[in-house]
Protein chains: 2
Amino acid sequence: MASETHKEYLKRFGEHLASLRKERKISYRKLAQICDVDFADIRRYEKGEINMTFSSLIELSKGLAVPLKDLMDF
Amino acid sequence: MASETHKEYLKRFGEHLASLRKERKISYRKLAQICDVDFADIRRYEKGEINMTFSSLIELSKGLAVPLKDLMDF
DNA sequence: AAAAGTGTAGGGTTATAACCCTACATTCGC
DNA sequence: GCGAATGTAGGGTTATAACCCTACACTTTT
């Protein structure tokens, strides 16, 4: 995949993710510690650089304490 | 990933996906044709066998004409 | 009855996400 | 001022999703 359209979605999602994390005032490393995701990858998610998996989304929703459907509402 | 918990989520999501497709009375092959996803993989998603990516979720939401957040509400 | 469509299942290749690491400049707390 | 924390960036390895295919039994359509 990774069409132009998808990259746009990824970017938008990344911004949403970043804003959720910042609202909670936690760092990449802190969030990575809470959920089972590498901090370097969280950064890449927020930059929209990688096409994360379902599992990663679950972990992020857990780590940010946001229902999955809200995490995906952007 | 693919912890036991994640597999459980994947299964639940798969059931949700299957019910959305069946509501629309379309086959694996038909859905695969609408969205840019392989029919064999759609089957595997519904069975909860694979940990799909963000892009695949976007495609499925497009193909099923369901907002992403609703696709993720299960 | 024949043809088309469907669910199921398996497999092979390639691209890439997950998972680790290091390093450094800047910011913040003390 | 100093040390800790943070954002940033890059890289290497391994597991696996995406992307193709074939095949077959069963159901539906014509």
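No experiment lies behind these values; they were computed from the predicted model shown. A, B, ... follow the sequence lines: proteins, then strands. Residue 1 opens every chain.
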### Query
Would B:Glu46 and B:Ile42 satisfy side-chain contact (heavy atoms from CB on, under 4.5 Å), going step by step from the backbone distance to the final call?
CA-CA 6 Å; B:Glu46 291 191 4; B:Ile42 293 179; 4.2 Å; yes
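- For the pair B:Asp41 and B:Lys22, nearest-nucleotide mapping onto DNA chain C gives the more 5' position to B:Lys22.
- For A:Phe74, the CZ atom is densely surrounded, since the number of other residues' heavy atoms within 6.0 Å is greater than 12.
- Atom NZ of B:Lys30 is separated from atom C1' of C:dA4 by 14 Å (rounded to the nearest Å).
- Checking A:Lys47 against B:Met52, the closest nucleotide of DNA chain D that is more toward the 5' end is the one next to A:Lys47.
- In this structure, the CD atom of A:Glu46 is 13 Å from the P atom of D:dA9, given to the nearest Å.
- For A:Glu49 and C:dA18, the CD to P distance is 13 Å, given to the nearest whole Å.
- Nearest nucleotide to the side chain of A:Arg43, out of C:dG7, D:dA17, D:dT8: D:dT8.
- Whole-Å rounding puts the A:His6 NE2 to D:dA18 C1' distance at 12 Å.
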### Message
Please encode protein proximity along nucleotides 21-30 of chain C as a string of B, S and -, counting only heavy-atom distances under 4.0 Å.
### Response
BBB-------
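- Residue A:Thr53 has no polar side-chain atom (N or O) positioned under 4.0 Å from OP1 or OP2 of D:dT16.
- Taking the six-membered ring where the residue is Trp, B:Phe13 and A:Phe54 present tilted rings, their angle falling between 30° and 60°.
- Across the protein-nucleic acid pair, B:Tyr28 atom OH and C:dA4 atom P stand 23 Å apart, rounded to whole Å.
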### Message
The test is side-chain contact (heavy atoms from CB on, under 4.5 Å); show your working for B:Tyr28 and B:Arg21 and say whether it passes.
### Response
CA-CA 8 Å; B:Tyr28 291 144; B:Arg21 179 178 60 84; 3.2 Å; yes
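- Here the P atom of nucleotide D:dT28 and the NZ atom of B:Lys25 are 13 Å apart, to the nearest Å.
- Residue A:Ser55 has no polar side-chain atom (N or O) positioned under 4.0 Å from OP1 or OP2 of C:dA18.
- The CG-C1' distance, from B:Leu17 to C:dG7, rounds to 15 Å in whole Å.
- A straight line from CD1 of A:Ile58 to P of C:dA18 spans 13 Å, rounded to a whole angstrom.
- Residue B:Ser55 comes nearest to A:His6 through the heavy atom pair OG-ND1, 3.1 Å, listed as atom of the first residue, atom of the second, then distance.
- At the phosphate of D:dA17, neither OP1 nor OP2 sits under 4.0 Å from any side-chain N or O atom of B:Tyr45.
- In this structure, the separation between NZ on B:Lys25 and NZ on B:Lys30 is 15.5 Å, given to the nearest 0.5 Å.
- Here the closest non-hydrogen pair linking A:Leu71 and A:Val66 is N-CG1, 3.7 Å.
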